[in-house]
Structure formats: structure tokens, C-alpha cells
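The analysis underlying the following values was restricted to heavy atoms, covering all of them including side chains, and did not include hydrogens, waters or symmetry mates.
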Amino acid sequence: MLRSFIDRRYEMIWDSALWRESLGTTSYTVAIDTQEVTLESSVDFPVSAVWDDKEITPVDYSAVFQLDPTLFNDSGAVANFIVVAKSSTGAAKIKLLRKPKESKTLLILGKLKITALGDSDSPLIKGIDNALLAFVEGDMLEHLRQYGKAQAKYQEAASQLTIAKDMENHQSASNTRIIPEVKSDWSSADFI
């Protein structure tokens, strides 16, 4: 029973954020006129993608129908992608908007499927040990019908998880910057 509490809470923490340790890249060679790409079994869902050294972003299926439904049948430069239903084997799939005119490499940044903890393993995500222990202690106390004590442990666990997310976002070697790509369509003569 304790093992199931640990596994369930570890999966909950894994799914709660895009932890550095939960992300990975995979690449695929996409043939001409191929629109659907099945991702490797280790990828739970795509986060971002690069096509021919340019980022392509995920879009909503219904938004494409509203904005430009011809993108489903057009050929040309791949503009975006849609996350579609998983395959019958549970593999994540995407649909490229526009059929590619030439074979290119697609690079996917994806959320990886969770790797279960073994009996002597420690979590892959750094800094979540205290949160995981507090959640499991709360689950055990709840199982013993010690609801007040369990609630206190859940509050502690939520606080510890917030600290772990803060460490992930603010105390690590990460510097997120967005640099817009400005095309040189305008010149100083346009403003005279």
C-alpha cells in the first residue's frame, strides 16, 4: 500500500510542472507529404517543435478551422502543428499544418513519460523529496483516519512543492529571454 501511495504522489508531482528532468528532445525525419508524425514511446506529449531550424508552435484544432481550414490540405512550409489523439499503442502524435514539400528533420521537445521509482531509487526531479514524503505521510495518516493530521501534512506538502517549483524556476541556471525576430521590411524612408 505504501508503494502505491509513493507511486501515485510521484506521478502527481511529475505531471504538475515542466520540470527540467521531465523534458527531452527527439528528432524525426519527415518524408515529403507526411502530415502525421508518431512520436517515440518515451514522449508523453509534445511541448514545442522545430522544423527546418525554425520553431513551429502548437495550435488548437478548432482555431485552424476558424482561421484557415485549407492548411490541412495545403503543401508548403510547415507553419504549426496540432496535437492529435494518441495511437492505439499510446504513442503521442502530431499533425503538421501544411504537407511538407521536401523531407526535413523535425525536432520535438517533449514531456517524457514518468519512469517508476524502484525500491532504492530517489526521484529524478531534484528538490521534491520533502514534498513527496509529506504527501505520502498525509496519505498514510488519511488511511489511518487521522484526517486532521493528514490535512496538516498536505498543507506542508503543498508548501514544499511550491519551494521545489521556486527552486526550479528561480535558483537554477536558467535565463529565459524572448528575442523577437524583426524583419527588415521597413526603412527610414517609410517614416518621412
[X] [atom1] to [Y] [atom2] distance, which is reported to the nearest 0.5 Å:
X: K149; Y: L144; atom1: NZ; atom2: CG; answer: 9.5 Å
X: L23; Y: I108; atom1: CG; atom2: CD1; answer: 12.5 Å
X: L124; Y: R20; atom1: CG; atom2: CZ; answer: 13.0 Å
X: S48; Y: I56; atom1: OG; atom2: CD1; answer: 8.5 Å
X: E168; Y: L18; atom1: CD; atom2: CG; answer: 9.5 Å
X: T34; Y: K99; atom1: OG1; atom2: NZ; answer: 10.0 Å

Group every Ile, Leu, Val, Met, Phe, Trp and Tyr by side-chain heavy-atom contacts under 4.5 Å, then state whether [X] and [Y] land in the same group.
X: Y10; Y: Y154; result: yes
X: L117; Y: V136; result: yes
X: V83; Y: Y28; result: yes

Which heavy-atom pair separates Q160 from N130 by the least distance, and what is that distance?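 The pair with the smallest heavy-atom distance is OE1-CB, 3.4 Å.
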Check whether [X] reaches the backbone of [Y] with its side chain - one donor and one acceptor, N or O, closer than 3.5 Å.
X: S103; Y: V30; answer: yes
X: W19; Y: K126; answer: no
X: D121; Y: G118; answer: yes
X: K104; Y: V78; answer: no
X: Y61; Y: V84; answer: no
X: W14; Y: T115; answer: no
X: R98; Y: A77; answer: yes

Member of L106, L109, T26, L39 meeting the side chain to side chain contact (heavy atoms under 4.5 Å, CB included) criterion with P46: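 Of the listed residues L106, L109, T26, L39, the side chain to side chain contact (heavy atoms under 4.5 Å, CB included) partner of P46 is L39.
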Under the side chain to side chain contact (heavy atoms under 4.5 Å, CB included) test against R9, which residue among I128, L133, L132 passes?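 Looking at I128, L133, L132, the match for R9 under the side chain to side chain contact (heavy atoms under 4.5 Å, CB included) is L132.
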Less than 4.0 angstrom from a charged side-chain N to a carboxylate O is my criterion; do [X] and [Y] meet it?
X: D44; Y: K86; value: yes
X: K153; Y: E156; value: yes
X: D33; Y: K101; value: no

